[in-house]
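In what follows, a structure is listed as structure tokens, so that the remarks can point back to it.
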Amino acid sequence: MLTGEYDYSCTTEMSAATAARIPGARFQVMPGIGHFPFAENPTLFAEYLLPILRELKSQ
């Protein structure tokens with residue numbers, strides 16, 4: 001789960017709690033990003049998303 005550090009509709013605490021209840025889930029805070037990372041800062045969001053996509057592709 002990727003959550004923006006200033007996403008007030010789904011806080012990092014909420015996301016961490018949800019991830020903790022999902023077996024195998026991983027959670028990461030994205031500093032400098034809010035609720036719409038792809039629109040707010042697509043370049044920064046890509047730095048978080050692309051490694052995950054590469055990992056999934058290699059599985």
>> One pair to check against side chain to side chain contact (heavy atoms under 4.5 Å, CB included): Ile33 and Glu40. What are the steps and the verdict?
In response: CA-CA 7 Å; Ile33 294 180; Glu40 294 171 26; 4.2 Å; yes
> So if you build clusters from Ile, Leu, Val, Met, Phe, Trp, Tyr with side-chain heavy-atom gaps below 4.5 Å, do Met1 and Leu49 land together?
Replying inline: no
> Looking only at heavy atoms, what is the nearest atom pair of Ser9 and His35, with distance?
Replying inline: OG-ND1, 3.0 Å
> Can you name the closest pair of heavy atoms from Cys10 and Ser15 and give their distance?
Replying inline: SG-OG, 3.3 Å
> In terms of hydrophobic clusters joined by side-chain contacts under 4.5 Å, are Met30 and Ile52 together?
Replying inline: yes
> Below 4.5 Å, heavy atoms only, C-beta onward: do Phe27 and Thr18 meet side chain to side chain?
Replying inline: no
>> Met14 vs Thr11, test: side chain to side chain contact (heavy atoms under 4.5 Å, CB included). Steps then yes/no.
In response: CA-CA 5 Å; Met14 291 172 170; Thr11 66; 3.1 Å; yes
> Does Phe45 belong to the same Ile/Leu/Val/Met/Phe/Trp/Tyr cluster as Leu56, with side-chain heavy atoms less than 4.5 Å apart forming each link?
Replying inline: yes
> Do the rings of Tyr8 and Tyr6 sit parallel, tilted or perpendicular, given the 30° and 60° boundaries?
Replying inline: tilted
>> Quick check: is Leu2 connected to Leu44 through a chain of hydrophobic side chains (ILVMFWY, heavy atoms under 4.5 Å apart)?
In response: yes
>> For a 4.5 angstrom cut-off between non-hydrogen side-chain atoms, does Asp7 reach Thr12?
In response: no
> Are side-chain N/O atoms of Asn41 and Thr43 paired as donor and acceptor at under 3.5 Å?
Replying inline: no
